[in-house]
Amino acid sequence: MKRNIVIATIAAAALIGGGTATAIAVTGDDEAPVKRSSVQVTDDDNGRDDVDGTDTDDKNDTSDDTTNDGTDDNTGAGARDDADDRAEDAAEAKAADVTAADAITAALKHKAGTAVSADLDDEGTNLVWDVDILTNGGAWHSVQVDPGTGKVLGSHADRDDDGDDAAETKRVQAVLKGSSVSAAEAAEAAATKGTVTSVDLDEESRDKAWEVDTTAADGTGSDWRVNLDSAKVTADRSED
């Protein structure tokens, strides 16, 4: 049930003749802004920043779609993309010296409440643990933790973007009230299966549980469900 952070972006139009367009991100942050993480990753353009605002990868993608449409399976391009994705996932998981459980613990020291999710995310070139916390008063906060040092980089009040905050909060509170396994404990339980990269409360399914994603040393990802009472770990077959 990973919550979506509402970010309003205001961009100034580029001046005629090659002026530079600037953008300001407004996050609704009522606390400290997110600092630079000690763990940096390359961007989606293979480390190449757009100097003139033209995305060369998009051009190449368009060309590939035109000339090689339907041939990826035959040429192995799809397999290479999958291998690249696994390599990237493996590198990010390996770079996170701070475990999901430790990141959750650090976030809760910064903002008291109950952790509902934790995700290893790349925000720009910053690799961070993003932990969602529901306070005892029913407010949502997102806390970013450095995966290299365990230090809190920043936090802000968070709200869902589909307008059902109150209903979602009640569901989560009801599920967590009757459970005995925390998000940190679920992460620790699933850590035997690989490096935990995501913990998320599934409060909507009939068999409510913690959903945990792990990444193996070769970058292969696996999905698990951790029982809210026993911490028993089972494979997630919901998408089979």
Side-chain angles (χ1 to χ4, degrees), residues 1-10 25-34 100-123 128-145 152-190 196-214 221-240:
M1 57 141 286
K2 180 62 182 174
R3 297 169 60 81
N4 296 318
I5 301 172
V6 178
I7 300 178
T9 302
I10 305 174
V26 181
T27 63
D29 192 344
D30 62 351
E31 301 174 38
V34 177
D102 288 341
I104 291 170
T105 299
L108 289 172
K109 287 181 179 179
H110 177 79
K111 177 63 66 175
T114 302
V116 180
S117 70
D119 291 87
L120 186 62
D121 290 334
D122 53 287
E123 299 183 354
V128 301
W129 279 109
D130 192 0
V131 183
D132 280 344
I133 294 175
L134 179 60
T135 68
N136 295 333
W140 289 92
H141 286 267
S142 178
V143 181
Q144 289 72 44
V145 177
V152 171
L153 299 172
S155 66
H156 58 266
D158 192 14
R159 65 182 180 85
D160 204 355
D161 62 356
D162 56 10
D164 66 347
D165 270 23
E168 179 183 7
T169 299
K170 288 182 179 179
R171 290 197 305 268
V172 170
Q173 289 174 328
V175 171
L176 293 177
K177 183 178 180 180
S179 67
S180 57
V181 177
S182 68
E185 291 168 337
E188 290 178 339
V196 175
T197 55
S198 175
V199 183
D200 201 6
L201 180 66
D202 176 9
E203 86 283 5
E204 295 182 331
S205 298
R206 183 176 61 181
D207 57 333
K208 299 173 178 59
W210 290 106
E211 294 179 323
V212 183
D213 295 342
T214 61
S222 300
D223 301 329
W224 309 93
R225 294 181 71 81
V226 179
N227 188 278
L228 292 170
D229 297 317
S230 66
K232 180 180 180 180
V233 181
T234 57
D236 187 352
R237 305 296 185 187
S238 61
E239 296 184 4
D240 289 355

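Position 1 is the first residue of the sequence, and the numbers go up from there. These numbers were taken from a predicted model, which means no experiment stands behind them.
- Nearest heavy-atom pair across A190 and V196 is C-CG2, 4.1 Å.
- Taking every heavy atom of both residues into account, I133 and K111 meet most closely at CD1-O, 3.5 Å.
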message = Apply side-chain contact (heavy atoms from CB on, under 4.5 Å) to residues R225 and S205 and explain how you reach the verdict.
response = CA-CA 11 Å; R225 294 181 71 81; S205 298; 4.1 Å; yes

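- Nearest heavy-atom pair across A101 and A184 is CB-O, 3.7 Å.
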ask   = Going through the checks in order, is the side-chain contact (heavy atoms from CB on, under 4.5 Å) test met by T169 and W140?
value = CA-CA 9 Å; T169 299; W140 289 92; 2.9 Å; yes

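- For S198, the side chain to side chain donor-acceptor pair (under 3.5 Å) partners two or more places apart in sequence, or in a different chain, are D119.
- Nearest heavy-atom pair across V226 and A189 is CG1-CB, 4.4 Å.
- Residues satisfying the side chain to side chain donor-acceptor pair (under 3.5 Å) criterion with T214, sequence neighbours excluded, are W224.
- Across all non-hydrogen atoms, the minimal contact from D200 to S117 is OD1-CB, 3.3 Å.
- Across H110 and S155, no two heavy atoms sit closer than the pair NE2-OG, 2.9 Å.
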Candidate pair W210 and D202, rule side-chain contact (heavy atoms from CB on, under 4.5 Å), full reasoning = CA-CA 6 Å; W210 290 106; D202 176 9; over 6 Å; no

Evaluation steps, side-chain contact (heavy atoms from CB on, under 4.5 Å), between V116 and E203 = CA-CA 10 Å; V116 180; E203 86 283 5; over 6 Å; no

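- Of the candidates D102, V152, V145, V145 is the only one forming a side chain to side chain contact (heavy atoms under 4.5 Å, CB included) with W129.
- We find the CD1-CG distance between I104 and D132 to be 10.5 Å, quoted to the nearest 0.5 Å.
- Note that CD of Q173 and CG of N136 are 9.0 Å apart. Values are rounded to the nearest 0.5 Å.
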Going by atom type alone, with no hydrogens or angles, which donor-acceptor pairs under 3.5 Å involve a side-chain atom of residues 228-235 and a protein atom two or more places apart or on another chain?
{"unit_1": "S230", "atom_1": "OG", "unit_2": "N227", "atom_2": "OD1", "d": "3.4"}
{"unit_1": "S230", "atom_1": "OG", "unit_2": "K232", "atom_2": "N", "d": "3.3"}

